[in-house]
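Because the structure is predicted, anything quoted here is derived from the model rather than measured. Start at 1 and go down the list; that is how both ligands and their atoms are numbered. For the numbers below, each heavy atom of this structure counts, side chains included, while hydrogens, waters and symmetry mates do not.
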Amino acid sequence: MSQLDAFRLDGRVAVVSGGGGAIGSAIAAALASAGARVAVADLSVDLAMAAEQRICDGGGEAISFAADITGEDEAERVVAGTVERFGRLDIIVNAVGGGAGKVLFDAEQYPRDAWDWIYELNVRSTLVASQAAARAMIAGGRGGRVLNISSVRASLGINAGYSAYVAAKGAISSLTRQWATEWAKHGITVNAIAPTFVDTPQVAMLLEDPAFKAGVVNRIPLGRVGGTSDLTGPALFFCSDASSFVTGQILGIDGGLTATQ
Ligand SMILES: NC(=O)c1ccc[n+]([C@@H]2O[C@H](COP(=O)([O-])OP(=O)(O)OC[C@H]3O[C@@H](n4cnc5c(N)ncnc54)[C@H](O)[C@@H]3O)[C@@H](O)[C@H]2O)c1
């Protein structure tokens, strides 16, 4: 058996929440290419179906759900539907989130409605999807993998009106460690990736400002922002047997940004 086989996911079943998004769809396709059957869940039916199609076009097996993953019932419906279709659940990737660039306010004025929206989108979605998935993994008795998406903003401030987002990503990093501790007894590992800016539609508007982009890139030792393909290798590691003894970890995917702090 090759050491690379530890990264294979043949026979495994994954739910990618927010799997229609830029990062979620890239991770969903990567999991499928490693052999997993993948359920894509997204608020947007079009994006969910496009991600499903991308996997099927690549020879993989997928289903899609249009669902609002901030609701417990919807998260439960996705997990139950996945188990019904594929017979088990091994992996959940929580890729719903973001929104920071849409609600930039000075810290001393940060409004409650924007704060609550960012928390719903990032923290509530991660919470309810992980709870539903963990219940299915515990019932399945085979352990599992939870992969959250935090951000370098969980540990680095940014002078750009990000109060709610940094707090939400900090909460996701903390929950990653908490769930790793609680769910270890069930053989479930919980880890997070923490990217810096990834070149996606969510941050395109911010990065279109040359001064802003230069400010970002100049602080990154590797001299560029990330691409979605920079996240798929680490995601595969955390979702596979290659990371069997790794839990509660938050991996910066940031071109060395946090190493400079
Ligand atoms: N893009 C970046 O630079 C960057 C950097 C660090 C971390 N992140 C994080 O990565 C994650 C994904 O970001 P992205 O850039 O791929 O964003 P994206 O907007 O492309 O993807 C998010 C997906 O979630 C879906 N979604 C939104 N609300 C939902 C809901 N209630 N229920 C179900 N689906 C819902 C959207 O339709 C979208 O397809 C986010 O948590 C974000 O904070 C992104």
Side-chain angles (χ1 to χ4, degrees), residues 15-29 39-52 54 64-79 92-103 116-130 132 147-156 158 160 162 164-173 175-176 192-208 212-213 216-217 220 224-232 234-235 250-255 257-258:
V15 168
V16 182
S17 166
I23 291 173
S25 62
I27 292 177
V40 174
D42 203 283
L43 193 58
S44 159
V45 63
D46 291 342
L47 289 176
M49 287 176 69
E52 176 188 2
R54 175 178 171 186
S64 58
F65 296 89
D68 178 351
I69 301 291
T70 57
E72 280 90 346
D73 293 350
E74 290 283 88
E76 186 59 43
R77 178 173 65 83
V78 168
V79 166
I92 175 103
V93 178
N94 290 305
V96 173
K102 291 187 179 152
V103 282
D116 290 347
W117 178 65
I118 288 284
Y119 255 69
E120 282 291 297
L121 181 63
N122 288 274
V123 184
R124 177 75 55 194
S125 65
T126 298
L127 173 66
V128 299
S130 298
L147 180 63
N148 294 327
I149 306 193
S150 184
S151 165
V152 291
R153 299 298 150 217
S155 42
L156 300 179
I158 179 168
Y162 266 54
Y165 187 74
V166 301
K169 291 303 186 184
I172 288 173
S173 291
L175 285 170
T176 300
I193 53 174
T196 185
F197 284 97
V198 183
D199 196 3
T200 57
Q202 275 228 23
V203 297
M205 208 177 69
L206 288 169
L207 295 177
E208 268 166 21
F212 183 86
K213 184 169 182 180
V216 168
V217 168
I220 298 174
R224 63 175 177 85
V225 297
T228 55
S229 62
D230 291 312
L231 310 187
T232 51
I250 292 121
L251 178 68
I253 303 179
D254 61 11
L257 172 64
T258 48

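In summary, the atoms of ligand 1 found under 4.0 Å from a heavy atom of Ile69, numbered by their order in the structure, are 30 (C), 31 (N), 32 (N), 33 (C). Proximity to Gly97 (heavy-atom distance under 4.0 Å) selects the following atoms of ligand 1: 40 (C), 41 (O), 42 (C), 43 (O). Contact atoms of ligand 1 toward Leu47: 39 (O) (distance under 4.0 Å to a heavy atom of the residue). Taking a cut-off of under 4.0 Å to the non-hydrogen atoms of Gln202, the atoms of ligand 1 that pass are 15 (O), 17 (O), 18 (P), 19 (O). Within ligand 1, counting atoms from 1 as listed, the ones closer than 4.0 Å to a heavy atom of Asp68 are 30 (C), 31 (N), 32 (N). Contact atoms of ligand 1 toward Thr200: 1 (N), 2 (C), 15 (O) (distance under 4.0 Å to a heavy atom of the residue). Close approach of ligand 1 to Leu43 (heavy-atom distance below 4.0 Å) involves ligand atoms 28 (N), 29 (C), 30 (C), 32 (N), 33 (C), 34 (N), 35 (C). Those atoms of ligand 1 with a heavy atom of Phe197 less than 4.0 angstrom away are 3 (O).
Taking 4.5 Å as the limit, some side-chain heavy atom of Asn148 sits within range of a side-chain heavy atom of Ser130. Between Leu175 and Val123 there is a side-chain heavy-atom pair separated by less than 4.5 Å. Residues Val225 and Val203 form no side-chain contact, since every pair of their non-hydrogen atoms from C-beta on lies 4.5 Å or further apart. Residues Leu147 and Ile193 have side chains in contact (heavy-atom distance under 4.5 Å, counting atoms from C-beta outward). With a 4.5 Å cut-off on side-chain heavy atoms, Arg153 and Phe197 count as touching. Using a 4.5 Å heavy-atom cutoff, the side chains of Asp230 and Val198 are not in contact.
Here Asn122 contributes atom CG and Leu127 contributes atom CG; the two are 12.5 Å apart, rounded to the nearest 0.5 Å. One finds the CE atom of Met49 at 12.5 Å from the CG atom of Asp42 (value rounded to the nearest 0.5 Å). Distance CD1/Ile253 to CD1/Ile23: 9.0 Å, rounded to 0.5 Å. To the nearest 0.5 angstrom, Asn94 atom CG is 12.0 Å from Ser150 atom OG. Rounded to the nearest 0.5 Å, atoms OG1 (Thr126) and CG (Leu121) are 8.5 Å apart.
No more than 12 heavy atoms of other residues, nucleotides or ligands shown are found within 6.0 angstrom of CG on Asp73. Counting heavy atoms of neighbouring residues, nucleotides and ligands inside a 6.0 Å radius, atom CZ of Arg124 does not exceed 12 of them.
Residue Gly98 places at least one N or O, backbone or side chain, under 3.5 Å from an N or O of ligand 1. Any N or O atom pair closer than 3.5 Å counts here, and Ser151 shares no such pair with ligand 1.
The nearest protein atom to atom 39 (O) of ligand 1, hydrogens excluded, is given as Asp42 OD2, 2.7 Å; this is a heavy-atom distance. Here the heavy atom of the protein found nearest to atom 43 (O) of ligand 1 is Tyr165 OH, 2.7 Å. Atom 26 (N) of ligand 1 has as its closest protein heavy atom Val96 CG1, 3.9 Å. Nearest to atom 27 (C) of ligand 1 among the protein's heavy atoms is Leu121 CD1, 3.7 Å. The protein heavy-atom contact nearest to atom 44 (C) of ligand 1 is Ile23 CD1, 3.6 Å. In terms of protein heavy-atom proximity, atom 6 (C) of ligand 1 is closest to Pro195 O, 3.5 Å. The protein heavy atom nearest to atom 21 (O) of ligand 1 is Gly21 CA, 3.3 Å. In this structure, the protein non-hydrogen atom closest to atom 3 (O) of ligand 1 is Val198 N, 2.7 Å.
Here the shortest heavy-atom distance to atom 11 (C) of ligand 1, taken over Ala95, Ser125, Ser150, Ala66, belongs to Ala95. Taking each of Ala22, Ala129, Gly18, Ala67 in turn, the one with a heavy atom nearest to atom 33 (C) of ligand 1 proves to be Ala67.
When heavy-atom distances to ligand 1 are checked against a 4.0 Å cut-off, Val225 has no atom that comes that close, whether in backbone or side chain. The proximity of Val203 to ligand 1, defined as any non-hydrogen pair under 4.0 Å, is limited to the side chain. If you look at Lys169 next to ligand 1, the close heavy atoms, those under 4.0 Å, all belong to the side chain.
The side-chain contact (heavy atoms from CB on, under 4.5 Å) test with Pro195 singles out one residue from Asp254, Thr228, Leu231, and that residue is Leu231.
Judged by the shortest distance from any of its heavy atoms, Thr196 lies inside the 4.0 Å radius around the atoms of ligand 1.
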